[in-house]
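This one's a predicted model, so the numbers in the text were calculated from it and none came from an experiment.
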Amino acid sequence: MTSTACIELKDLRLNTQIGTYAPGAIIPDKHLLNLTLWISTKLILISEDFMDQVFDYDPLVLEIDRLATHGHYETQERLVTRIVEACARYSEIESLEISLRKTPVRESSGVLGIKLYLDESSLTNMRARLV
């Protein structure tokens, strides 16, 4: 069995505007992000308690906040794409899973979202396109 390690970010509430709605439509007021980043176990099983031995995710979280507030998005998919591109800029990230959900969908209920998984090969291909 191969060892794996990941960093999980769950239910991060993004301050963003997504979609265009007709007058009287239910407008989602919460956009929640889940992000799982698979990394080398060497970045979690560390011999000493120093930041230079781990993946520093704080700059990525700041970039996600910046992307979310960057302006109006027509689709959840575009914001997810931009977040994935930001993740691809970190060579420590080997693969990832991301989901973005909005709520409410109708009459104060329901959650609607999208989910994407990129394996190592897909992330490598994305990195090549971003250069």
Under 3.5 Å side-chain donor-acceptor pair for N125 and S122: no
Flag, side chain of T16 to backbone of A68, donor-acceptor distance under 3.5 Å: yes
hydrophobic_cluster_shared for I7 and M51, side chain cutoff 4.5 Å: no
In one Ile/Leu/Val/Met/Phe/Trp/Tyr side-chain cluster, 4.5 Å: V54, I39: no
Hydrophobic cluster membership, L9 vs I44, 4.5 Å side-chain cutoff: yes
Approximate separation, where rounding is to 0.5 Å, of R101 CZ and K115 NZ: 9.0 Å
Spacing of OH belonging to Y57 relative to CG belonging to L43, to within rounding of 0.5 Å: 12.5 Å
Interatomic distance, N15 atom CG to R13 atom CZ [nearest 0.5 angstrom]: 9.0 Å
Within 6.0 Å of CG in D49, more than 12 heavy atoms from elsewhere: no
Over 12 non-hydrogen atoms of neighbours within 6.0 angstrom of CG in D58: yes
Min side-chain heavy-atom separation T36-S95 under 4.5 Å: no
Within-4.5 Å side-chain heavy-atom neighbours: L116 and I114: no
Among D11, V111, T103, the one residue meeting side chain to side chain contact (heavy atoms under 4.5 Å, CB included) with K30: T103
T81 and R78, any side-chain heavy atoms less than 4.5 Å apart: yes
Hydrophobic cluster partners of Y117 (side-chain heavy atoms under 4.5 Å): W38
Rounded distance [0.5 Å steps], OG in S99 versus NZ in K10: 8.5 Å
List the atom pairs, with distances to 0.1 Å, where a side-chain N or O of residues 86-93 and a protein N or O form a donor-acceptor pair under 3.5 Å, not counting sequence neighbours.
| residue | atom | partner | partner atom | Å |
| --- | --- | --- | --- | --- |
| R89 | NH1 | E85 | O | 3.0 |

Within-4.5 Å side-chain heavy-atom neighbours: L14 and L100: yes
Spatial distance of atom OH (Y21) from atom CD1 (I27) [nearest 0.5 Å]: 7.5 Å
Note, L37 side chain near F55 side chain (heavy atom, < 4.5 Å): yes
Side-chain H-bond candidate by donor/acceptor type, S40 with E94, under 3.5 Å: no
Reported NZ-to-CD1 distance for the pair K102 and I18, which is rounded to 0.5 angstrom: 7.0 Å
Within one Ile-Leu-Val-Met-Phe-Trp-Tyr cluster: L60 and L32, side-chain cutoff 4.5 Å: no
Nearest heavy atoms of S109 and P104, plus distance in Å: N-CB, 3.6 Å
For H72 against T20, the heavy-atom pair lying closest together: CE1-OG1, 3.8 Å
Path from L67 to L62 over hydrophobic side-chain contacts below 4.5 Å: no
Shortest non-hydrogen contact from I64 toward L33: CG2-CD2, 3.8 Å
